[in-house]
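Working notes, structure below.
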Amino acid sequence: MTRRLHFGLGLLLSLCLGAGSSGTARGDERLIIEAALDRQIVEPVLAAFAAENPRIDLDYRDRSTLEVDRRARDPESPPDVVISSAMPWQLALSNDGMAQPLDAPEADQWPAWAKWRNEVFGFTFEPVVMAYRLELASHMPPPETHRDLLDLLTRYRQWLDGRVVSYSPRKSGVGYTLFQQDARYTPRAWDLIAAMGAANVDLEATTQRMLEGLSDGRYWLGYNLLGSYAMVWAQTHPDIIVQVPNDYSLVMMRMAFVHRDAPHPAAAKRFVSFLLSQRGQHILAGQTPLFSVRDDVVGPYTAQRLRDQVGDHLYPIPINATLLAFVDPLRRQAFLRRWDRELQILEPPKP
Amino acid sequence: MMPPRTSLKRRLTLWLVVIVAGLGTLLLIEAYTSARKAADRAMDGQLEAASLTIAESLQWPEGNPTLEMPASALQILATRWQERVFYWLQADNGTTITQNADLPITAAMQADARRQPVYLDAIHDGEPIRLSGREVDSAGWDTQEPVQLWVGHTRHGRDLLARELFRKSATRFAAMVLITAALVGIAMHTMLAPLRRLRQALRERRAEENSPLMLDVPREMQELVETLNRLFADQRHHRDALLRFIADASHQLKTPLAGLQSTSELALTSNEPGVWHQALVTVHDSAGRTSRLAGQMLSLTRLQHLGPLHERQPLALDRLMREITVDWADRQDSRDHDLGLAIEVPAPVWVEGESWALRELLNNLIDNAFRYTPPGSEITLALRGDDAWVTLAIEDDGPGVDAESLDRLTRPFERGHRQDTHGSGLGLAIADSIAGRHGSRLEVSNRAPRGLRVCLTLPRCQPPEGRAG
């Protein structure tokens with residue numbers, strides 16, 4: 001009799017515990033984020049979101065842009081939120097119907113130039129910069145514009161040979177986009193590429209690798225680095241100078257969207273809304289170097305402040321259908337073919 | 001009183017609602033389709049522009065078509081509504097040059113596009129899209145193959161545009177309906193005003209009033225007012241006749257009563273029984289005549305107030321005439337006259353009628369003839385006719401009446417200027433009333449060389465069952 005009572009009590013207890021754990025413990029809902037954005041940089045934002053939403057279990061997966069794109073297109077296990085700096089690919093995902101519109105006041109108020117179809121939102125404002133080692137300035141005038149860079153590469157080719165680094169358009173979506181955009185603005189960009197080719201430019205897949213190479217002393221000069229990473233790096237590496245080009249500076253925007261087949265759409269929408277909210281942007285502006293897009297946010301890293309510092313020659317990569325042309329396979333092939341040709345075109349005669 | 005029927009206003013409103021609803025549905029369907037067409041027309045221009053821009057960039061560097069996708073073409077395709085954009089290029093040998101989506105393009109669609117640029121609706125990814133296809137001829141050094149070029153985008157902007165156009169049309173239509181309804185309401189009120197005036201005028205009339213209505217009404221209602229006025233005039237005539245009859249009757253009664261009074265007064269002044277006797281005889285005769293007069297007036301009034309003929313039944317007219325002739329021949333009144341009967345149609349003659357009324361008619365006619373003809377006159381009761389109709393006539397060879405009195409003879413108290421008889425002047429009026437009840441009329445005419453004929457024509461009928469025709 002007593003034993004049976006104990007048994008019953010135990011069952012009851014375990015039932016209660018089970019119910020309790022599923023009702024109150026953290027991690028009711030998962031949130032899978034596939035992101036081409038360094039976790040350590042965006043960590044303050046993630047932490048703030050987690051603090052506000054203790055029941056959402058964040059699964060943040062930091063990957064390369066091309067890998068993010070591949071994962072987003074995987075019909076087997078779609079992520080909830082997709083974040084990437086490869087703007088054309090993000091837009092192509094939206095165009096292929098992979099994104100769902102975000103119905104939230106933050107989304108409606110988001111500036112029209114920084115969103116597409118109310119699905120994809122550019123939520124950062126990251127200038128594209130040049131970076132050089134301090135010792136470069138002792139041998140030649142440091143570059144401030146694209147023309148300066150071309151002049152340096154032409155005049156000081158011997159000095160810079162093998163010491164120039166840039167994004168690989170093949171290995172990185174961001175790099176490809178930046179060079180496409182450069183070439184779109186002026187055909188002189190090809191002269192620059194040819195000059196870099198003549199200087200035996202090294203091509204890296206990430207800004208991080210370029211910065212490491214500069215600090216190692218392997219490289220003296222880097223072109224088309226993400227300003228957000230470079231500025232943080234320069235703060236701890238005083239031998240690296242970051243230069244926002246004075247003629248024009250591209251601005252790259254990280255783009256986020258809620259996946260069409262998001263397994264946890266509510267959490268996904270909440271997260272993207274948080275990224276766009278004043279609070280989310282405030283953290284972005286204050287605790288990350290990603291620069292807030294919103295005008296009503298104050299902090300060291302805001303688009304407004306950047307404009308005040310470098311003038312009005314900031315050219316955000318436009319978020320519209322023109323980006324789709326960049327991911328057209330033929331156009332990409334043609335571009336890479338020309339890229340290869342231009343890199344070789346000024347091949348110095350072999351001694 | 002008739003029970004209240006449907007209201008004119010309600011019926012008009014109902015009709016209008018039905019018409020407006022029917023027309024409105026058609027108009028709205030038309031507005032919707034034309035709004036869609038207009039939106040498509042406007043936006044197909046974007047498809048064409050994008051398509052031409054892409055075609056312009058198509059090149060044949062080494063025998064294979066290649067394309068540096070112009071960014072502007074895609075932006076044109078996307079439009080300001082940020083559509084999803086699709087493109088698909090295929091070489092003539094069937095290899096895809098480039099594409100960004102598996103568009104649902106069939107062989108038939110391609111064949112159409114080969115002839116001329118086409119624009120059509122399709123479904124891609126479960127979403128309706130608009131596609132445009134064209135064939136581009138491009139020349140290279142090695143090959144000259146045409147290329148099929150298809151571009152498309154989602155319909156978001158078209159739907160918005162069409163909805164806006166449709167909303168405008170619908171708003172215009174709704175405004176039109178409201179204005180029409182208001183106008184119709186006002187018009188109906190105005191149109192029905194004369195009807196209300198007529199009703200008011202009729203309500204305000206007193207019972208005895210029968211002057212014509214003087215109302216300003218539209219032409220359509222004038223007829224109604226005229227009909228009413230005719231009715232009033234008839235009423236007036238009827239009333240006048242009635243009043244005349246009463247006046248005449250009073251007058252007719254007054255004369256013998258005055259005679260009675262003077263005779264009795266005269267007798268009272270005498271003490272001689274002989275005078276009294278004489279007076280009593282006079283009083284008796286006069287009272288008898290007066291009583292008969294009153295009786296005839298009563299019978300005329302009753303005849304005129306009787307309802308329509310109910311107890312009509314087949315009766316043998318010749319037999320009735322014979323009976324009555326024999327009856328009269330036995331009376332003392334007929335001793336001075338020669339009363340004859342002439343049945344000039346094969347007997348029996350069946351007519352439908354009321355036996356008592358026809359008997360009364362014959363009696364009155366014979367009595368009349370006796371009274372207004374001098375002694376020794378020949379009076380013939382005749383029955384003539386054919387298979388369908390019979391004419392009952394009474395003819396005499398008396399003095400007749402002058403022509404202008406002929407028509408008035410059937411009026412009460414009309415004696416054809418003869419004051420020399422003791423007739424009441426009601427006999428022919430009663431006979432005419434009875435003829436009227438049988439659907440006929442009394443016809444009075446002078447005979448040549450002299451005498452009067454009074455006749456009426458009746459339809460013959462089938463003999464009742466069981467009687468031989």
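Chain naming here is simple, since letters A, B, ... match the order of the sequence lines and numbering starts at 1 in each.
- Between atom CG of residue B:L74 and atom CG of residue A:N320 there is a gap of 9.5 Å, rounded to the nearest 0.5 Å.
- Ranked by heavy-atom pairs under 4.5 Å with chain A, the list B:V85, B:N100, B:I76 is led by B:V85.
- Distance CZ/A:R117 to CZ/B:R84: 6.5 Å, rounded to 0.5 Å.
- Looking at B:I97, both its backbone and its side chain come within 4.5 Å of chain A, counting heavy atoms on both sides.
- Only the side chain of B:D125 comes within less than 4.5 Å of a heavy atom in chain A; its backbone stays farther off.
- Note that CG of B:L67 and CG of A:L330 are 6.0 Å apart. Values are rounded to the nearest 0.5 Å.
- Contact detail for A:A321 and B:A78: the closest heavy-atom pair is CB-CB, 3.5 Å.
- In terms of heavy-atom proximity, A:N95 sits nearest to B:F86 at O-CE2, 4.1 Å.
- With a 4.5 Å cut-off on side-chain heavy atoms, A:P329 and B:T98 count as touching.
- With a 4.5 angstrom heavy-atom cutoff, B:T154 touches chain A only via side-chain atoms.
- Note that the OG1 atom of A:T322 and the CE atom of B:M69 stand 12.5 Å from one another [nearest 0.5 Å].
- Rounding to the nearest 0.5 Å gives a distance of 5.0 Å between CZ of A:R331 and CD of B:E68.
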